[in-house]
Amino acid sequence: MVLVLALGDLHIPHRAPDLPAKFKSMLVPGKIQHIICTGNLSIKVSLFLSNSIEVHDYLKTLCPDLHITRGEYDEDTRYPETKTLTIGQFKLGLCHGHQVIPWGDLDSLAMLQRQLDVDILVTGHTHQFTAYKHEGGVVINPGSATGAYSSITYDVNPSFVLMDIDGLRVVVYVYELIDGEVKVDKIDFKKTASIHTAH
Amino acid sequence: MYKDIVLPRVLEQVVNCKDELAQFYLMDCIIQVFPDEYHLQTLDVLLGACPQLQPSVDIKTVLSQLMERLSHYAASSAEVLPEFLQVEAFAKLSNAIGRVIEAQPDMPTLGVVTLYSSLLTFTLHVHPDRLDYADQVLGACVRKLSGKGKIEDSKATKQVVALLSAPLEKYNDIMTALKLSNYPRVLEYLDVPTIRVMATVIIQSIMKNGTRISTSDKVEALFELIKGLIKDSDGTSNDKLDEDDFKEEQNSVARLIQMFYNDDPEEMLKIIETVRKHILAGGPKRLPFTVPPLVFCSLKLVRQLQGQEENPFGDDASTTPKKIFQLLNQIIETLSGIPVPELALQLYLQCAEAANDCELEPVAYEFFTQAYILYEEEISDSRAQITCIHLIIGTLQRMHVFGVENRDTLTHKATGYSAKLLKKPDQCRAVYACSHLFWVEDHDNMKDGERVLLCLKRALRIANAAQQMANAARGSTGSVMLFIEILNKYLYFFEKGNPQITVASIQSLIELIMNEMQSDSTTSDPAAEAFLASTMRYVQFQKQKGGAVGEKYEPIKYEPIKA
């Protein structure tokens, strides 16, 4: 069982002051094996004692295996536009999503998924949580971890995703902060063994 | 008995011995040894002895110890508080301190501040609701400090910071601290770097407590307090400040702006205008930090107003989205010449989209115009261009408010920019992204199959050109990938029902790709092969779906590459 945290679009401090306190208390070091971040961290997040550190460094304290792709507001140009990685039996792809037009369009995202040749594609930009299964795999958008303003989505609730990868199965847990309470939902995906000839 | 006999005798001895070390030690003993209730009841006597001690005795420590003990005593249980009131502890202590300071005109600033700091802590514990007492303490401190100029001793500075932090910690609400009229006055005595530290402490207190600042007056008062962060003080240079520290400060201010909120649109607009006024004085180094949060606060207000019907009989002074957009235009304009063109462009596009949602066509068009001007004149880095093009196309694709003419103008320009990007692969990708500008779901009158195809064909030509350049240079192809991407776009529009995309055109594109991949001159490209394979799998899936989709895809033929 491998836990992968997926989150993004924090937009601190342009659109949000901080990660919600309830999320911070849930995200503790040592529990998560990988973190994938869709981008637009922007800059800083506070720890409990009001010290602020870079969001990047904060995420590193949760788990050293951190993968980030570049959002349009990220100042750090070292972040790549897309990234792929293999975790267990699954190939994951990561991309912020402002590059895929029309924004949020599942068919266009599926095209990127085919291009990266991955089972699970994680993107952001719309600040709207989605988990879309199609014959080629799964497209997940963890939403905005701070509930930041989006021109695309109204009434954004802070959200993030935790994926539990176990063999050929992945359970996607989505955590959403609604009216001050954290609500959890889960979706199951099973990967069929691939039939096409490997190259 | 203690009060009438023991204490007066002991004190008499202490005073008479005239030895400063002994006096200090003995006073300390008295305070530490006897219980706090005794001290309360004998305050007059105890304090009366203090001015009689040798001037070199560290009286401030003695008094501070006493006040600290009494503070703890007060904190230990609420039942003892009435006792404090009964013996008028506050009045006696503050008078005593006043007398001591007067008796020692050479007392260093550190001493003065330490005394008042202890008294303030005492006051906060014993009389938490008596803001006037706290204010009195601060006022007395200000009076004693007046005429001494800015504090230079670092220990004294630390004490002042402790003095000012105490009310923040106690009240957990900056607004309460702001009610202390002498609070800002104490701040004046700190040197500029310390004022900035204090400002950061204040902001951290607000963030920690999640305090909402809800009126423009409060914003005004708060900005006055933290003005060291908002703008350069007269005559100081910022060279000494570390780059990272400066960024950290400005980021705190940015986060602070997010805490300003009021449900009432009129008040919220006042808040926005107040913030704008203050951040304008910040200069080009600060604006890139402070402008974006203000823009997003304003956009949130627009969204709030969107739902409400515009009152046709409302007076001109009322808050409307249009007004806010005018303000936004001015706010973003302040970024010009700094230069941060990418940021400004992004903000203009955000406003354009918001204007679109408010059905304000001319406003949206104006924002797009500004964005385009920035793109043409100030964005020259090729990577920045690519990001900006994506944002332009992505935003434009979502706009439904434009009439045909306006839309055509903007689309034409966007496609033009796309074709002029530095590298051919980027050009190709941007141009085929533009195809979506001519096809918007949910808007039948915005589905122009022909122009979609024209875009895709243009992208193909660019991919071809890239191909030839690569062949000539005998480099790896890479453009097979582009052909496959374009093929996927063909399939996309084919499925959406674009009549201009025929099976024949798809088929010939597939053949083109196959030829490319099998030709001798191309080096093997595993990524492209994988992409083609997954694309063909997709076609297969669609065929197997049956029904209308299956029928559509049925005629498309594909032979996998023989190894």
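Computed from a predicted model, the values in this text were never measured in an experiment. Lettering follows sequence order; numbering is per chain, from 1. Hydrogens, waters and symmetry mates are skipped; everything else that's a heavy atom, side chains included, is used.
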A.B. asks: What is the minimum heavy-atom distance between B:Pro288 and A:His14, and which atoms define it?
C.D. replies: O-NE2, 4.4 Å
A.B. asks: Quick check on B:Leu437 against chain A: is it the side chain, the backbone, both or neither that has a heavy atom closer than 4.5 Å?
C.D. replies: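 Neither; nothing under 4.5 Å.
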A.B. asks: Chain A heavy atoms under 4.5 Å from B:Glu353: which part of the residue, side chain, backbone, both or neither?
C.D. replies: side chain
A.B. asks: What's the separation between atom NE2 in A:His125 and atom NE2 in B:His390, rounded to the nearest 0.5 Å?
C.D. replies: 11.0 Å
A.B. asks: Check whether the side chains of B:Tyr538 and A:Gln113 place a donor and an acceptor atom closer than 3.5 Å, and report yes or no.
C.D. replies: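 Result is no, nothing qualifies.
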A.B. asks: Have B:Glu485 and A:Gln115 got a donor and an acceptor in their side chains that come within less than 3.5 Å?
C.D. replies: yes
A.B. asks: Tell me, yes or no, whether the heavy-atom count around A:Lys133 atom NZ, taken from other residues, nucleotides or ligands under 6.0 Å, exceeds 12.
C.D. replies: yes
A.B. asks: If you compare all heavy atoms of B:Gln258 against all heavy atoms of A:Ala16, which two are closest, and at what distance to 0.1 Å?
C.D. replies: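 The pair with the smallest heavy-atom distance is NE2-N, 3.6 Å.
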A.B. asks: Ignoring hydrogens and geometry beyond distance, is a side-chain donor-acceptor pair present between B:Thr387 and A:Arg70 at under 3.5 Å?
C.D. replies: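 Their side chains do contain a donor-acceptor pair, which is all the 3.5 Å distance test asks for.
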A.B. asks: As a quick check of understanding, evaluate side-chain hydrogen bond (donor to acceptor under 3.5 Å, both in side chains) for A:Tyr154 and B:Gln306, giving each step before the final call.
C.D. replies: CA-CA 12 Å; A:Tyr154 282 46; B:Gln306 232 175 280; 2.9 Å; yes
A.B. asks: Given a strict heavy-atom distance threshold of 4.5 Å, which part of A:Ser108 is in contact with chain B: side chain, backbone, both, or neither?
C.D. replies: both
A.B. asks: Determine whether B:Gln350 and A:Tyr149 make a side-chain contact, defined as any pair of heavy atoms from C-beta on separated by less than 4.5 Å.
C.D. replies: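 With C-beta onward as the side chain, the pair touches.
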A.B. asks: Need one label for A:Leu112: side chain, backbone, both or neither, based on atoms under 4.5 Å from any heavy atom in chain B.
C.D. replies: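 Neither part.
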A.B. asks: Going by heavy atoms in the side chains, are A:Arg15 and B:Pro293 under 4.5 Å from each other?
C.D. replies: no
A.B. asks: I need the B:Leu343 CG to A:Tyr73 OH distance, nearest 0.5 Å.
C.D. replies: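 B:Leu343 CG to A:Tyr73 OH: 7.0 Å, rounded to 0.5 Å.
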A.B. asks: Can you tell which of B:Ile257, B:Val253, B:Leu349, B:Thr395 has the highest number of heavy-atom pairs within less than 4.5 Å of chain A?
C.D. replies: B:Thr395
A.B. asks: Taking everything shown except A:Lys31 itself, do over 12 heavy atoms lie less than 6.0 Å from its NZ?
C.D. replies: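 Check fails, neighbour count at 12 or below.
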A.B. asks: For chain A, find which of B:Ile203, B:Leu299, B:Val295 contributes the most heavy-atom pairs closer than 4.5 angstrom.
C.D. replies: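 Max contact count across the listed options: B:Leu299.
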A.B. asks: Just give me the residue among B:Gln346, B:Met259, B:Lys496, B:Glu342 that pairs up with chain A most often, heavy atom to heavy atom, under 4.5 Å.
C.D. replies: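 Top count of heavy-atom pairs under 4.5 Å with chain A: B:Gln346.
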A.B. asks: If you look at every heavy atom in B:Arg383 and A:Tyr79, which pair is closest and at what distance?
C.D. replies: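 Of all heavy-atom pairs spanning B:Arg383 and A:Tyr79, the closest is NH2-O, 3.6 Å.
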A.B. asks: As an exercise: rank B:Pro292, B:Ala530, B:Ala254, B:Gly394 by heavy-atom pairs under 4.5 Å with chain A and give me the winner.
C.D. replies: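 Between B:Pro292, B:Ala530, B:Ala254, B:Gly394, the count favours B:Gly394.
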A.B. asks: Determine the option with the most heavy-atom pairs under 4.5 angstrom with chain B, choosing from A:Glu72, A:His98, A:His134, A:Glu81.
C.D. replies: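 Sorted descending by pairs with chain B, the first entry is A:Glu72.
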A.B. asks: If I take atom CH2 from residue A:Trp103 and atom CD from residue B:Gln397, how far apart are they, to the nearest 0.5 angstrom?
C.D. replies: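 Result: 9.0 Å between the selected atoms.
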A.B. asks: Is there a side-chain contact between A:Glu135 and B:Lys545 (heavy atoms, below 4.5 Å)?
C.D. replies: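 Counting from C-beta outward, A:Glu135 and B:Lys545 do come under 4.5 Å.
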A.B. asks: Measure the OG-CZ distance between A:Ser151 and B:Arg398 for me, rounded to the nearest 0.5 Å.
C.D. replies: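 The CZ atom of B:Arg398 is 6.0 Å from OG of A:Ser151, to the nearest 0.5 Å.
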A.B. asks: Distance from B:Leu532 atom CG to A:Asp117 atom CG, nearest 0.5 Å?
C.D. replies: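 Separation between the atoms: 11.5 Å.
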A.B. asks: Please classify the contact between B:Thr290 and chain A as side chain, backbone, both or neither, with a heavy-atom cut-off of under 4.5 Å.
C.D. replies: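 Nothing of B:Thr290, per the 4.5 Å heavy-atom cut-off to chain A.
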A.B. asks: Would you mind checking which part of A:Ala110 comes under 4.5 Å of any heavy atom in chain B, side chain (CB onward), backbone (N, CA, C, O), both or neither?
C.D. replies: neither
A.B. asks: Rounded to the nearest 0.5 Å, how far apart are CG of A:Leu116 and CZ of B:Phe531?
C.D. replies: 8.5 Å
A.B. asks: For the CZ atom on A:Arg169, are there more than 12 heavy atoms of other groups (residues, nucleotides or ligands in this structure) within a distance under 6.0 Å?
C.D. replies: no
A.B. asks: Could you report the tightest heavy-atom contact between A:Ser150 and B:Arg303, atom names first, then the distance?
C.D. replies: O-NH2, 2.6 Å
A.B. asks: With a 6.0 Å cut-off (strictly less than), is the heavy-atom count around CG of A:Asp155, excluding the residue itself, greater than 12?
C.D. replies: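 At most 12 heavy atoms, drawn from other residues, nucleotides or ligands, come within 6.0 Å of this atom.
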